[in-house]
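Chain naming here is simple, since letters A, B, ... match the order of the sequence lines and numbering starts at 1 in each. These values consider heavy atoms only, across backbone and side chains, with no hydrogens, waters or symmetry-generated copies.
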4 protein chains.
Amino acid sequence: MHSFPKELLSGHANFLAGRYLREKERLRDLASAGQSPTTMIIACCDSRAAPEMIFDAGPGELFVLRNVANLVPTYQPDGGQHGTSAAIEFAVKALNIGNIVVMGHGRCGGIKAALDPHFKSLDDGDFIGKWMSMLGELPSQLGQNSLLTSTERQTAMERISIRNSIRNLRTFPYVAELEAEGTLQVHGAWFDISTAELWIMDHDGDFIRPEL
Amino acid sequence: MHSFPKELLSGHANFLAGRYLREKERLRDLASAGQSPTTMIIACCDSRAAPEMIFDAGPGELFVLRNVANLVPTYQPDGGQHGTSAAIEFAVKALNIGNIVVMGHGRCGGIKAALDPHFKSLDDGDFIGKWMSMLGELPSQLGQNSLLTSTERQTAMERISIRNSIRNLRTFPYVAELEAEGTLQVHGAWFDISTAELWIMDHDGDFIRPEL
Amino acid sequence: MHSFPKELLSGHANFLAGRYLREKERLRDLASAGQSPTTMIIACCDSRAAPEMIFDAGPGELFVLRNVANLVPTYQPDGGQHGTSAAIEFAVKALNIGNIVVMGHGRCGGIKAALDPHFKSLDDGDFIGKWMSMLGELPSQLGQNSLLTSTERQTAMERISIRNSIRNLRTFPYVAELEAEGTLQVHGAWFDISTAELWIMDHDGDFIRPEL
Amino acid sequence: MHSFPKELLSGHANFLAGRYLREKERLRDLASAGQSPTTMIIACCDSRAAPEMIFDAGPGELFVLRNVANLVPTYQPDGGQHGTSAAIEFAVKALNIGNIVVMGHGRCGGIKAALDPHFKSLDDGDFIGKWMSMLGELPSQLGQNSLLTSTERQTAMERISIRNSIRNLRTFPYVAELEAEGTLQVHGAWFDISTAELWIMDHDGDFIRPEL
């Protein structure tokens with residue numbers, strides 16, 4: 001016997017009876033030919049912001065890394081085990097991805113934690129604090145701005161963090177190189193989980209509503 | 001102007017016209033109340049194995065970490081930036097998740113790399129090799145068995161890796177504690193991307209086909 | 001009076017009242033014209049893995065050899081009484097069979113015995129041990145791999161044994177010859193008695209789920 | 001790609017859509033609990049004489065050995081690989097079978113070969129001739145009787161062979177012992193493939209039509 005969550009099993013049965021039936025051929029082809037997604041999405045673990053839902057994407061379309069707050073570290077070839085960097089390397093070098101989208105979202109718990117001054121004092125077992133420290137001084141710099149409401153600060157930080165991740169992404173030599181060559185493009189996006197609005201980053205780093 | 005991928009924008013338009021219309025209320029409620037998923041899925045970045053597709057899950061249901069080959073490191077409170085550990089901490093401590101599912105899948109590129117003896121010789125910029133080294137000696141131990149075809153070795157390693165990740169997950173003190181208390185359950189699953197079959201891990205570590 | 005098992009008699013009555021009524025003509029034709037099955041199945045004696053059930057086959061369709069663990073010995077023209085070899089010879093030379101399928105199955109008692117180290121020490125009256133010794137060193141080679149659970153080892157050995165039987169089958173000169181000519185094909189299959197799933201062997205020796 | 005026989009795959013699909021759906025629970029239970037058939041059938045490979053068809057038997061009911069002409073050798077603990085003896089040992093010792101039925105049938109090709117005087121001169125690669133030599137002098141003794149038509153000789157030999165196999169079966173010490181104890185019964189049966197009539201052997205060795 002097993003105790004596997006019932007709702008996952010019934011969800012899987014729904015998938016088999018619905019989408020799977022319609023996309024059977026495609027899954028089989030993807031399995032034998034291998035995946036060849038053209039886009040990598042770096043997204044958050046948040047249960048309300050699945051890239052496949054937001055972009056109505058089918059199997060084989062999106063190579064998706066999800067970590068807390070969709071952070072990208074700088075290029076650190078120090079022999080450490082860097083999961084996000086490994087995924088980027090795999091996407092760019094093994095899959096020849098053409099686009100990388102760093103997608104943040106509203107009401108992000110990780111960003112909220114980063115903005116919380118009490119978070120810094122956690123002990124060594126505090127992985128979230130350490131992880132969010134990737135933002136460096138950014139949260140405290142923003143946090144001092146009392147003109148913003150806490151919601152505005154949060155949204156601002158979410159977008160600042162996306163720009164920061166994109167900067168870090170460009171410290172990977174092959175990312176910078178391929179972007180210069182024009183075979184790889186780096187994008188930013190922000191999803192409002194309340195209204196389902198998608199905002200995309202323009203060349204100035206601003207988030208705008210795209211025409212659909 | 002922006003160069004945001006056209007297919008993502010049209011996919012998002014589809015989402016707005018379809019699922020979003022049907023689940024509008026729910027998204028809005030989830031935004032204001034905050035997320036309260038009961039299950040965390042630790043899955044692979046592979047474009048063919050999105051947990052939301054496999055479990056036909058809607059917004060708010062699954063807290064999803066995705067890294068290369070769905071690996072979980074051991075508990076290492078060393079002050080490093082551990083993305084996977086941060087997500088686990090967030091799920092268990094902030095969201096009070098009741099289930100953690102480590103879900104592997106067939107034809108996993110990361111596992112394939114781990115089984116490839118040439119992978120070890122890459123230089124320091126090799127994040128994939130370093131990342132997969134989390135499996136330690138397991139790939140070489142299995143790799144010596146010439147009775148298995150390369151596909152069988154791959155499947156075996158994918159499952160051995162899931163068992164290994166679950167062992168590592170239990171080195172997190174709060175995971176072990178809550179599991180002992182009965183308020184957290186740890187599960188393994190393996191998805192066959194070709195046939196869309198879900199296999200779940202039983203108490204012996206074997207992967208079986210659940211009744212749906 | 002006789003003591004013939006009651007359930008066999010009532011089962012036979014069911015057959016006469018059901019299938020026989022529907023296939024009367026066919027049985028009569030098969031009796032007068034002789035059988036001309038195009039496929040031979042080499043299967044196990046296991047009560048849960050009858051080829052006619054698995055392939056929903058009617059009278060005249062399958063020439064079926066069943067022995068413990070569906071083993072095929074190498075070609076040994078030594079004058080001994082080789083039952084399996086006799087059946088193969090009959091199928092290929094007398095019936096001009098076009099396909100031979102070696103079909104194994106899950107939870108096979110013979111394979112289990114072969115993997116059990118205590119089995120080797122049985123005395124000369126131990127026919128099962130001697131019979132399973134046809135697998136040679138394969139079980140002990142596999143058995144040393146502690147990364148696999150006992151169930152995984154069992155499944156692996158079941159499939160390794162099928163590949164071994166197919167290799168042995170090709171030591172029969174006429175099998176090799178006709179296969180080269182293209183008039184005979186040799187196949188492997190594995191049946192999961194728990195889920196009723198059929199797996200077939202591809203050209204690499206891997207077992208895959210066929211499209212139905 | 002594979003070349004697995006199409007008719008087997010469509011037959012399997014029929015099984016899954018029909019019988020399997022009705023007996024799903026049973027198969028699953030049989031898989032987890034293990035098989036516990038009460039009857040072993042020793043039958044012929046002939047495509048027209050499947051025991052499961054003749055006795056309308058479901059999964060788990062019959063442990064079935066099938067060789068050419070349903071022959072049973074004498075007990076020969078000589079260290080050789082005896083497939084039929086291994087199956088008998090497994091049925092009696094591991095499964096504690098309560099009944100063994102040796103079932104012959106009309107128009108048996110193996111028996112026909114045994115009655116053919118030209119068969120004896122085949123070379124060493126002749127496994128059928130060697131296999132049928134298990135009948136010893138019986139065919140030639142019968143063959144000299146010119147009062148019987150060839151069909152009658154054939155039927156007679158089929159039944160003589162069943163009696164011979166039952167005698168041989170009783171040379172297995174544990175068969176004789178358990179039969180004496182009353183916990184194992186040995187039976188003979190003969191199936192007319194043309195009319196689907198079942199004949200069972202009575203205590204005198206005669207074949208009679210049972211009441212159904």
Side-chain angles (χ1 to χ4, degrees), chain C residues 2-5 8-9 11-15 20 27-28 30-31 35 37 39 45-48 50 52-57 59-68 77 79 81-87 89-90 99 107 124-125 127-128 130-131 134 185 187 193-194 196 198 200 202 210 212, chain D residues 2-5 8-9 11-15 20 27-28 30-31 35 37 39 45-48 50 52-57 59-68 77 79 81-87 89-90 99 107 124-125 127-128 130-131 134 185 187 193-194 196 198 200 202 210 212:
Chain C
H2 62 81
S3 58
F4 204 80
L8 293 186
L9 293 179
H12 182 60
N14 287 344
F15 161 62
Y20 173 64
L27 270 167
R28 199 171 288 267
L30 279 168
Q35 67 174 330
T39 298
C45 298
D46 194 293
S47 63
R48 301 163 295 182
E52 287 82 3
M53 174 186 79
I54 295 169
F55 298 117
D56 193 36
E61 292 180 10
L62 304 177
F63 183 77
V64 177
L65 173 88
R66 292 176 71 176
N67 62 31
V68 172
Q81 292 174 345
H82 300 294
T84 300
S85 302
E89 183 182 294
F90 194 86
N99 295 285
R107 304 175 194 229
D124 277 355
F127 293 113
I128 301 168
K130 291 280 156 47
W131 179 249
M134 213 182 283
Q185 290 193 309
H187 312 276
I193 55 169
S194 178
L198 180 73
I200 63 175
D202 69 11
L212 298 177
Chain D
H2 63 82
S3 57
F4 204 80
L8 293 185
L9 293 179
H12 182 60
N14 288 343
F15 161 61
Y20 172 62
L27 270 167
R28 201 171 281 265
L30 280 168
Q35 65 173 331
T39 299
C45 299
D46 195 293
S47 63
R48 301 163 294 182
E52 287 83 2
M53 175 186 78
I54 295 169
F55 298 117
D56 192 37
E61 293 180 11
L62 305 177
F63 184 77
V64 178
L65 172 87
R66 292 176 72 175
N67 62 29
V68 171
Q81 292 172 345
H82 301 293
T84 301
S85 302
E89 183 182 296
F90 194 87
N99 295 284
R107 308 178 190 224
D124 276 355
F127 293 113
I128 302 169
K130 292 278 157 47
W131 179 249
M134 212 182 283
Q185 291 192 308
H187 312 274
I193 55 170
S194 177
L198 180 73
I200 62 174
D202 70 11
L212 297 176

Exercise. Taking all non-hydrogen atoms of both residues into account, name the closest pair between D:His82 and C:Phe127 and its distance.
Key: CD2-CE2, 3.7 Å
Quiz item: How many angstroms lie between CE in D:Met53 and NE2 in C:His12, if you round to the nearest 0.5 Å?
Solution: 9.5 Å
Quiz item: Given a strict heavy-atom distance threshold of 4.5 Å, which part of D:Asp46 is in contact with chain C: side chain, backbone, both, or neither?
Solution: both
Quiz item: Any idea which of D:Ala31, D:Ser194, D:Pro59 has the most non-hydrogen atom pairs under 4.5 angstrom with chain C?
Solution: D:Ala31
Exercise. Sort D:Thr39 into side chain, backbone, both or neither according to what part of it lies under 4.5 angstrom from a heavy atom of chain C.
Key: side chain
Quiz prompt | Heavy-atom closest contact (D:Cys45 atom, C:Leu65 atom, distance) | solution = SG-CA, 3.8 Å
Self-check item: From C:Glu89 atom CD to D:Lys130 atom NZ, the distance as rounded to the nearest 0.5 Å
Solution: 9.5 Å
Exercise. Verify the distance criterion only: is there a donor paired with an acceptor across the side chains of C:Ser47 and D:Gln35 at less than 3.5 Å?
Key: yes
Exercise. Between chain C and each of D:Asn67, D:Leu212, D:Ile54, count heavy-atom pairs under 4.5 Å; write down the option with the most.
Key: D:Ile54
Quiz prompt | Most chain D-contacting option - heavy-atom pairs closer than 4.5 Å, from C:Ala57, C:Ala196, C:Ala50, C:Pro37 | solution = C:Ala196
Practice problem: Heavy-atom distances under 4.5 Å only: say whether D:Arg107 touches chain C with side chain, backbone, both or neither. | Solution: side chain
Quiz item: Taking atom CD of D:Glu61 and atom CG of C:Leu8, what is their separation to the nearest 0.5 Å?
Solution: 9.0 Å
Self-check item: Sidechain N-carboxylate O distance under 4.0 Å for D:Glu52, C:Arg66
Solution: yes
Quiz item: Between D:Ala86 and C:Trp131, which heavy-atom pair has the shortest distance, and what is it?
Solution: CB-CB, 3.6 Å
Quiz item: Between CD of C:Gln81 and CD of D:Gln81, what distance do you get to the nearest 0.5 Å?
Solution: 14.5 Å
Practice problem: Measure the shortest side-chain to side-chain distance between D:Gln185 and C:Pro5 over non-hydrogen atoms and say whether it is less than 4.5 angstrom. | Solution: no
Quiz item: Heavy-atom distance under 4.5 Å to chain D: side chain of C:Tyr20, backbone, both or neither?
Solution: side chain
Self-check item: C:Phe55 and D:Phe4 aromatic ring geometry - parallel, tilted or perpendicular at 30°/60° bounds
Solution: tilted
Self-check item: Flag side-chain contact, heavy atom, 4.5 Å: C:Ile193 against D:Leu30
Solution: no
Quiz item: If you measure from CG on C:Asn99 to OG on D:Ser3, what distance do you get to the nearest 0.5 Å?
Solution: 7.5 Å
Quiz item: Considering only heavy atoms, which portion of D:Phe90 lies under 4.5 Å from any heavy atom of chain C: side chain, backbone, both, or neither?
Solution: both
Quiz item: Considering only heavy atoms from C-beta outward, does the side chain of D:Leu9 approach that of C:Leu198 to under 4.5 Å?
Solution: yes
